[in-house]
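Below is one structure, written out as structure tokens; comments come after it.
Whatever order the structure lists them in is the order used to number ligands and atoms, beginning at 1. Here, residue 1 is the first one in the sequence, and each next residue gets the next number.
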Amino acid sequence: MAIRKILTENEDLLHKKSKPVTEFNERLWQLLDDMAETLKQADGVGLAAPQVGVLRRVFIMDLGDGVVEVINPEFVEKKGRQEDVEGCLSCPGEYGITVRPAYVKIKAQDRHGNEFFLDGEELKARCICHEYDHLDGILFKKHVIRMLDDQSE
Ligand code: NI
């Protein structure tokens with residue numbers, strides 16, 4: 001495993017749309033393993049492949065109960081509305097209040113190409129939406145209704 005560099009918002013790749021994964025091979029597994037290592041080191045809750053410079057529809061999350069690998073996700077349900085604080089490893093030191101669905105359900109594939117469903121509320125719903133957006137080149141600021149003051153001081 002290796003730590004990969006996390007791109008910041010001034011880099012073009014972060015604003016591009018990612019392509020679906022078609023081959024569930026060693027190369028994908030290496031990417032997933034490196035992303036898990038990178039997320040852990042950055043002490044984040046989610047990381048999408050474009051953030052490490054790979055334009056494929058892959059993201060991972062770790063909300064404290066282990067890493068979940070999500071490949072080629074599609075939303076099957078979105079319900080309600082929530083507002084809470086959000087940030088992004090690609091926008092260090094910046095936080096804002098975003099509006100997201102209160103509940104989401106997605107269909108995705110695991111590292112072997114097997115289909116599964118994943119759903120969640122609160123932080124999990126926000127994280128799924130945030131990471132999914134990265135696959136379409138969208139950063140959380142698009143959903144911010146109010147940026148918070150710089151908390152890095
Ligand atoms: Ni992010």
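Take the Ni ion (ligand 1) and draw a sphere of radius 2.8 Å; the protein N/O/S atoms inside it number 3.
For Lys78 and Tyr103, the positive end is not near the middle of the six-membered ring at less than 6.0 Å and at most 45° from its axis. Cation-pi check for Arg57 over Tyr132 is met; the charged atom lies under 6.0 angstrom from the ring centroid and within 45 degrees of its normal.
The side chain to side chain contact (heavy atoms under 4.5 Å, CB included) check on Val67 picks up Ala36, Ile60, Asp62, Glu69, with sequence neighbours excluded.
Residue Glu86 forms a side chain to side chain contact (heavy atoms under 4.5 Å, CB included) with just one option from Glu94, Arg100, Lys141, His143, and that option is Arg100.
Side-chain atoms of Ser90 and Glu9 include no donor-acceptor pair closer than 3.5 Å.
Salt bridge annotation for Asp33-Arg111: present, with a cationic side-chain nitrogen under 4.0 angstrom from a carboxylate oxygen.
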